[in-house]
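A quick write-up on the structure given underneath.
Sequence positions, counted from 1, serve as the residue numbers for this chain. What you are looking at is a predicted structure, and each value in this text was computed from that prediction instead of being measured.
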Amino acid sequence: MVLTIRKPEILTIARREGKVTVDGLVDYFGVTPQTIRRDLTEMAEAGQLERVHGGAILPSTTVNIAYNERRQLNQASKVDIARACARHIPNDCSIFLNIGTTTEAVAVELLNHQGLLVFTNNINIAHTLSSSADIEVAVTGGQMRKSDGALTGDFARTTIEQFRFDYAVIGCSALRADGDILDFDLQEVGISKAIIQQSDKVFLTADHSKFERKAPARVASMGDMAAIFTDKPLPETCKQLCDASDTRIVYA
């Protein structure tokens, strides 16, 4: 396959999977590792990818990737993470489910629960849970973002501040090795902070692609979480922080 065809395909795979590896691309294209390394280096120089050990990831940016693309990233892992998270949420409790594709997956896994009062600022989650007669759903209101059904702005945040929740499930755009939880949208950050403040236990759901991404705005620290649900080992520094703060790590 000629280089001009390989590069767009490599970029498509990176957007779908969150990263590409040299070994994986060698198998996919049937070319030598040296050829793939040269492709990745050239794409990194052009700003299309960011080189990491053994492969490449999408470049650091101040803008998140499109919502429909995020839905496809590590889809099977998100389902596994959601199931693990849902198993740690009891019946007969109040819970806040935040914006995000993994939290939407958690909503699906909660459909067999009973006696839940679910608050959300995510129209997609509200629609999913509306099919259950055993779950009461409350929506914050706010400015609706048409791209992903998110409700944001001061109205959403002040609504959240009027309640207390037994549990909250949040996602993130990136997770630093030092345990900082990051996001792209400043309004989302403010809402996430309010959710954390108003919840007795906060669960973070994050697949391994978040370990290799960067985002500009800090939401909280892993030390503020009751648990993280993920699919691969955390960076060692982050794991040590979790151990020190009694943040439970659950691998799906």
Side-chain angles (χ1 to χ4, degrees), residues 64 66-153 155-173 181 183-185 187-196 198-207 210 219 225-229 252:
N64 207 352
Y67 185 74
N68 285 335
E69 290 186 19
R70 299 205 307 274
R71 268 185 164 168
Q72 301 304 315
L73 292 179
N74 302 307
Q75 194 170 36
S77 291
K78 289 178 181 178
V79 172
D80 290 339
I81 290 167
R83 286 175 179 166
C85 181
R87 286 196 293 267
H88 287 74
I89 297 171
N91 293 320
D92 303 308
C93 70
S94 62
I95 179 172
F96 197 102
L97 298 180
N98 198 9
I99 302 163
T101 56
T102 310
T103 51
E104 288 182 18
V106 173
V108 174
E109 299 302 324
L110 290 175
L111 284 171
N112 291 324
H113 279 54
Q114 296 179 339
L116 294 184
L117 172 57
V118 178
F119 292 79
T120 187
N121 61 331
N122 185 322
I123 293 295
N124 299 317
I125 285 175
H127 178 73
T128 295
L129 295 177
S130 66
S131 63
S132 173
D134 296 315
I135 299 175
E136 186 175 350
V137 181
V139 181
T140 64
Q143 296 170 299
M144 189 181 78
R145 194 164 57 199
K146 294 181 180 179
S147 62
D148 60 1
L151 297 170
T152 63
F155 189 78
R157 179 179 52 78
T158 55
T159 301
I160 292 166
E161 291 171 347
Q162 307 309 307
F163 297 92
R164 288 291 305 181
F165 315 108
D166 297 320
Y167 293 86
V169 179
I170 66 172
C172 66
S173 296
I181 300 166
D183 214 320
F184 289 96
D185 189 295
Q187 286 193 332
E188 285 188 36
V189 169
I191 288 173
S192 293
K193 288 182 176 181
I195 294 167
I196 293 168
Q198 301 303 115
S199 301
D200 293 335
K201 291 185 177 181
V202 184
F203 293 160
L204 176 68
T205 55
D207 67 78
K210 306 300 175 67
V219 176
M225 303 293 107
I228 177 173
F229 296 83

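Not counting sequence neighbours, the partners of S192 by the side-chain hydrogen bond (donor to acceptor under 3.5 Å, both in side chains) test are N98. Under the ring-ring contact (aromatic ring centres under 6.0 Å, His included) criterion, F155 pairs with no residue, sequence neighbours left out. For K193, the side chain to side chain contact (heavy atoms under 4.5 Å, CB included) partners at least two apart in sequence or on another chain are V189. By the side-chain hydrogen bond (donor to acceptor under 3.5 Å, both in side chains) test, Q187 is found to be paired with T152, residues two or more places apart in sequence or in another chain being considered. Every salt bridge (Lys or Arg N to Asp or Glu O under 4.0 Å) that R83 has, sequence neighbours left out, goes to E109.
Once rounded to the nearest 0.5 Å, the distance linking CD1 of I95 with CG of L129 reads 9.5 Å. With values rounded to the nearest 0.5 angstrom, I181 atom CD1 is found 7.5 Å from I228 atom CD1. With rounding to the nearest 0.5 angstrom, the NZ atom of K78 is 3.0 Å from the OG1 atom of T101. Atom CG in D183 sits 3.5 Å away from atom OG in S173 (nearest 0.5 Å). Between atom CE of residue M225 and atom SG of residue C172 there is a gap of 9.5 Å, rounded to the nearest 0.5 Å. For the atom pair CG (L97) and CD1 (I89), the distance works out to 6.5 Å, reported to the nearest 0.5 Å.
Under the salt bridge (charged side-chain N to carboxylate O under 4.0 Å, His left out) criterion, the residue pairs touching residues 155-169 are D154-R157, R157-E161, R164-D200, with sequence neighbours excluded. Within the structure, ring pair (Phe, Tyr, Trp, His ring centres under 6.0 Å) contacts touching residues 82-107 (residues at least two apart or in different chains) are H88-F229, F96-F165. Residues in residues 124-145 take part in no ring pair (Phe, Tyr, Trp, His ring centres under 6.0 Å) pair, two or more places apart or across chains.
Here the shortest heavy-atom pairing between A82 and V106 reads CB-N, 3.5 Å. Considering every non-hydrogen atom in both G100 and N122, the closest pair reads N-ND2, 3.7 Å. Minimum heavy-atom separation, L110 to A86: CD2-CB, 4.0 Å. When all heavy atoms are compared, the tightest approach of L111 to T128 is CD2-O, 3.6 Å.
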field: Derivation of the side-chain contact (heavy atoms from CB on, under 4.5 Å) call for I170 and T103
entry: CA-CA 7 Å; I170 66 172; T103 51; 5.5 Å; no
- prompt: Which is it for M144 and I123 under the side-chain contact (heavy atoms from CB on, under 4.5 Å) test, yes or no, and what are the steps along the way?
  reply: CA-CA 8 Å; M144 189 181 78; I123 293 295; 4.0 Å; yes
- request: Evaluate the criterion side-chain contact (heavy atoms from CB on, under 4.5 Å) for residue pair S94 and Y167; output intermediate values, then yes/no.
  value: CA-CA 6 Å; S94 62; Y167 293 86; over 6 Å; no
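In this structure, N112 places its CG atom where only 12 or fewer heavy-atom neighbours from other residues, nucleotides or ligands lie under 6.0 Å away.
Residues V202 and I195 are not in side-chain contact: their nearest non-hydrogen atoms beyond the backbone lie 4.5 Å or more apart. At a threshold of 4.5 Å between non-hydrogen side-chain atoms, the residues S130 and V137 do not count as touching. Taking 4.5 Å as the limit, some side-chain heavy atom of I81 sits within range of a side-chain heavy atom of D207.
Although no hydrogens or angles enter the test, the distance criterion places a donor-acceptor pair under 3.5 Å between the side chain of Q198 and the main chain of F163. Here the side chain of S199 pairs no donor or acceptor atom with the backbone of I196 at under 3.5 angstrom. At distances below 3.5 Å, at least one donor-acceptor pair connects side-chain atoms of N121 with backbone N or O atoms of L151. A donor-acceptor pair under 3.5 Å is absent between the side-chain atoms of E188 and the main chain of F184, judged by distance alone.
Checked by atom type, the side-chain pair Q114/N91 shows no donor-acceptor distance below 3.5 Å.
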